[in-house]
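Only this structure's heavy atoms are used, side chains among them; waters, hydrogens and symmetry mates stay out. If you read the sequence from its start, that first residue is 1, and numbering goes on from there.
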Amino acid sequence: MDWTEAPKLVPELDVSDLETSLVFYTRILGFTVLYQRPEEAFACLELEAAWLMLEAADGPGRRFRTAPLVKPFGRGANLQIQVRDVRAAHRRYLTAGYEPLIPLEARTYRVEATERRLLQFVAVDPDGYLLRLCSEGEDRDPDLLGGQSAL
């Protein structure tokens, strides 16, 4: 593993059941396990250069908390994860029986003097963390063109 190519920001999420979360993130969202420390109930995952660390909330070793964990975890935050094919991620999510918080939509965001068009949906993981999966979009689906503009 070339650590010089590691992202400069990698969220680390406490989860209630590491195995359940690993199944969700790998089989449904498409992450791969970069490495694990089973003795610490910890795993580091990667999806198209986006990294995410998971650790069992009640696991051994050091945990960083300012208050007790209460579900849903991660209130007030959502993680944007850019992928090549958000439609495939959306299909896997629906096929697994999950309901997105925000269904697949085309959305325009202003970035300085330009606009960025994303095709996105918001998934909810088993602990309630919000994951906004997106692809740069030139989406022409008439059902999605009504997506809100965030200008």
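Below 30°, between 30° and 60°, or above 60°: for F31 and Y25 the angle between ring planes is above 60°, a perpendicular geometry.
P126 places none of its side-chain heavy atoms less than 4.5 Å from the side chain of D17. At least one side-chain heavy atom of S135 sits under 4.5 Å from a side-chain heavy atom of V83. In this structure, the side chains of I81 and L29 stay at 4.5 Å or more apart for every pair of heavy atoms. Residues K71 and D127 are in side-chain contact: their nearest non-hydrogen atoms beyond the backbone lie under 4.5 Å apart.
Considering every non-hydrogen atom in both G30 and L47, the closest pair reads O-CD1, 3.4 Å. For G128 against P72, the heavy-atom pair with the smallest separation is CA-CB, 3.9 Å. The two residues F121 and P103 have their closest heavy-atom pair at CB-C, 3.9 Å. In plain terms, the two heavy atoms of P60 and A41 that are nearest each other are CD-CB, 4.1 Å. Among all heavy-atom pairs drawn from C134 and Q80, the shortest one is SG-CG, 3.7 Å.
Heavy-atom contacts from other residues, nucleotides or ligands closer than 6.0 Å to CZ of R65 number more than 12. Within a 6.0 Å sphere centred on CZ of R75, heavy atoms belonging to other residues, nucleotides or ligands number more than 12.
Following chains of ILVMFWY side-chain contacts shorter than 4.5 Å, one can reach L69 starting from L18, so the two form part of one hydrophobic cluster. Criterion: ILVMFWY side-chain heavy atoms under 4.5 Å apart, direct or through other members. Under it, L131 and F73 are part of a common hydrophobic cluster. Under the 4.5 Å side-chain contact rule for hydrophobic residues, I28 and L133 share a cluster. Following chains of ILVMFWY side-chain contacts shorter than 4.5 Å, one cannot reach V23 starting from Y98, and the two form parts of different hydrophobic clusters. L101 and L94 are assigned to two separate hydrophobic clusters, defined by single-linkage of ILVMFWY side chains at heavy-atom distances under 4.5 Å.
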Worked verdict on V124 versus Y93 for side-chain contact (heavy atoms from CB on, under 4.5 Å): CA-CA 10 Å; V124 181; Y93 188 75; 4.0 Å; yes
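Not one N or O on the side chain of R132 forms a donor-acceptor pair closer than 3.5 Å with the backbone of V122. Remark: the backbone N or O of E112 is paired with a side-chain donor or acceptor of R110 at under 3.5 angstrom. Judged by distance alone, with hydrogens and angles left aside, the side-chain atoms of E48 form a donor-acceptor pair with the main-chain N or O of R84 at under 3.5 Å.
The line from CZ of R107 to CD1 of I102 is 8.0 Å long, rounded to the nearest 0.5 Å. Between the CZ atom of R87 and the CG atom of D85 there is a distance of 8.5 Å, given to the nearest 0.5 Å. Rounded to the nearest 0.5 Å, atoms OG1 (T32) and CD (E46) are 4.5 Å apart. Here the CZ-CZ distance, from R63 to F42, works out to 9.0 Å after rounding to the nearest 0.5 Å. Note that CG of L54 is 6.0 Å distant from CG of L13, once rounded to the nearest 0.5 Å. Note that the CG atom of L22 and the CG atom of L45 stand 6.0 Å from one another [nearest 0.5 Å].
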